[in-house]
There are 2 protein chains.
Amino acid sequence: MQEPRLTPTSYIVLGLLEFAGRSSPYDLKRLVAESVGNFWMLQHAQLYTEPARLAAAGYVTEEREEEGRRRKLYEITDAGREAMEEWRRAPTGSVSELRDLGLLQLFFGSAPERLAPAQIEAHREKLAEYEALRERDTGAGPRGPWLALEAGIRAERSWVGYWEWVLAETG
Amino acid sequence: MQEPRLTPTSYIVLGLLEFAGRSSPYDLKRLVAESVGNFWMLQHAQLYTEPARLAAAGYVTEEREEEGRRRKLYEITDAGREAMEEWRRAPTGSVSELRDLGLLQLFFGSAPERLAPAQIEAHREKLAEYEALRERDTGAGPRGPWLALEAGIRAERSWVGYWEWVLAETG
DNA sequence: CCTATCATGTAATCCGTTACATGATTAT
DNA sequence: ATAATCATGTAACGGATTACATGATAGG
């Protein structure tokens, strides 16, 4: 029971286990896909290795089904809950980088008149996805995901506007 | 002379070598810091290992100063230029994830009234930085960086607006 | 029944980060 | 001179992606 670093991945796993209770890696995979994965995707392999790491550190417990598929099931411990609480209490003052591939290509001289349309379409699609999600959101359930969704919507709108500006500016 | 994957890091190094000509890792470090690093930062160690990787694959040449500091100097090859051209010609249709730590904390229940102010301040600072950069930009030089800067400005404005919205929505 | 897809997991590789180290300049 | 900072690099570690693999379920 050593203490590995807690990464964003760790907090995603812990947070989901806190919310959903005992879950298998595959359960986590589905949870991620329909929630936090919208702005922070994880590979499915991470959802097998990360809980194992967390178990070694005592933040979650691991048990194995005796019958059937013999899946591994994870559950958050008090130590895990405490780690989440501590993390929540220390609001980050960091801002993330854009790290956008399309922008990188533009920076290094890709032709805007080819790049921009592709980006506009992709961002419109993503925007539509988010708006559909908001339609379905009843507003019940935790507040965080609902608030976060708005960030996604605004970001996509901003991107669409930006690439349209690029077109106008260079066209 | 094998063929490693070309990652975004690779294209940043290739692109800078293409633009600036023969450079040492430290030259690259400074170049990154004042240009592309504004939206895609690299650790300085990568600017030593990545050119070495690229050299092994024939995309750049490596030579060593005979005197003084005996620095390594890298220069892009024709193969490297071609790789850049090919990359530029294939505009990406992918959109990046937000992957924002603050948003993750909000998603998992951090108190908005503590998180939002910290984020607003951080984003305002970044925004001011970008706007200062634009002041200094004469508009000479390549178009890409100038266009990319606008993306940063818009993104920061969007974030400030978002967190203010969060405050209003939850306050 | 057969095949496609879902579900479940492990292993290998590799990139990126962090840590370590030391030689040159510049400032005081 | 000496301290501080800049410049230059290597090594170790670890997390993340990719590849590999196979068992179960459902649809045709």
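Letters A, B, ... are given to chains in the order of the sequence lines, protein chains preceding strands, and every chain is numbered from 1.
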If you count the non-hydrogen atoms of other residues, nucleotides and ligands that lie under 6.0 Å from CD in E82(B), is the total more than 12? no

Sub-3.5 Å donor-acceptor pair from the side chain of S23(B) to the main-chain atoms of G21(B), do we have one? yes

Would you say dC15(C) has OP1 or OP2 under 4.0 Å from some side-chain N or O of Q46(B)? no

Which is true for T9(A) with a 4.0 Å heavy-atom rule: it touches a base, it touches only sugar-phosphate, or it touches nothing? sugar-phosphate

Whole-Å distance separating the CG atom of L47(A) from the P atom of dA16(D): 11 Å

Provide, to the nearest angstrom, the distance between the CZ atom belonging to R71(B) and the P atom belonging to dC6(D). 17 Å

To the nearest Å, how far apart are Y48(B) OH and dT10(D) P? 9 Å

Would you say Y48(A) has more than 12 foreign heavy atoms packed within less than 6.0 Å of its OH? yes

Figure out the OH/P separation between Y74(A) and dT8(C), and round it to whole Å. 12 Å

Nucleotide dC14(C), atom P - distance to CD of E50(B) in whole Å: 13 Å

Looking only at side-chain N and O atoms, does Q43(B) come under 4.0 Å of OP1 or OP2 in dG16(C)? no

R99(B) CZ to dT17(D) C1': how many Å, rounded? 11 Å

Please determine whether a side-chain nitrogen or oxygen atom of R53(A) lies at a distance below 4.0 Å from atom OP1 or OP2 of dG15(D). yes

Among the candidates dA19(C), dG9(C), dG9(D), find the nucleotide nearest to the side-chain atoms of R5(A). dA19(C)

Between W146(A) and W165(B), what is the ring plane arrangement, given parallel below 30°, perpendicular above 60°, and tilted in between? tilted

In whole angstrom, give the distance that lies between atom CG of L54(B) and atom P of dC14(C). 15 Å

H44(A) side chain: which of dT17(C), dG9(D), dG9(C) is closest? dG9(C)

Does any non-hydrogen side-chain atom of E156(B) lie less than 4.5 Å from one of E131(B)? no

To the side chain of A45(A), which of dG9(C), dT18(C), dA11(C) is closest? dA11(C)

Name the nucleic acid region contacted by K72(B), choosing base, sugar-phosphate or nothing; use a 4.0 angstrom heavy-atom cut-off, strictly under. sugar-phosphate

First encountered from the 5' end of DNA chain D, between K29(B) and M41(A): K29(B)

May I have the distance from R30(A) (atom CZ) to dT5(C) (atom P), rounded to whole angstrom? 19 Å

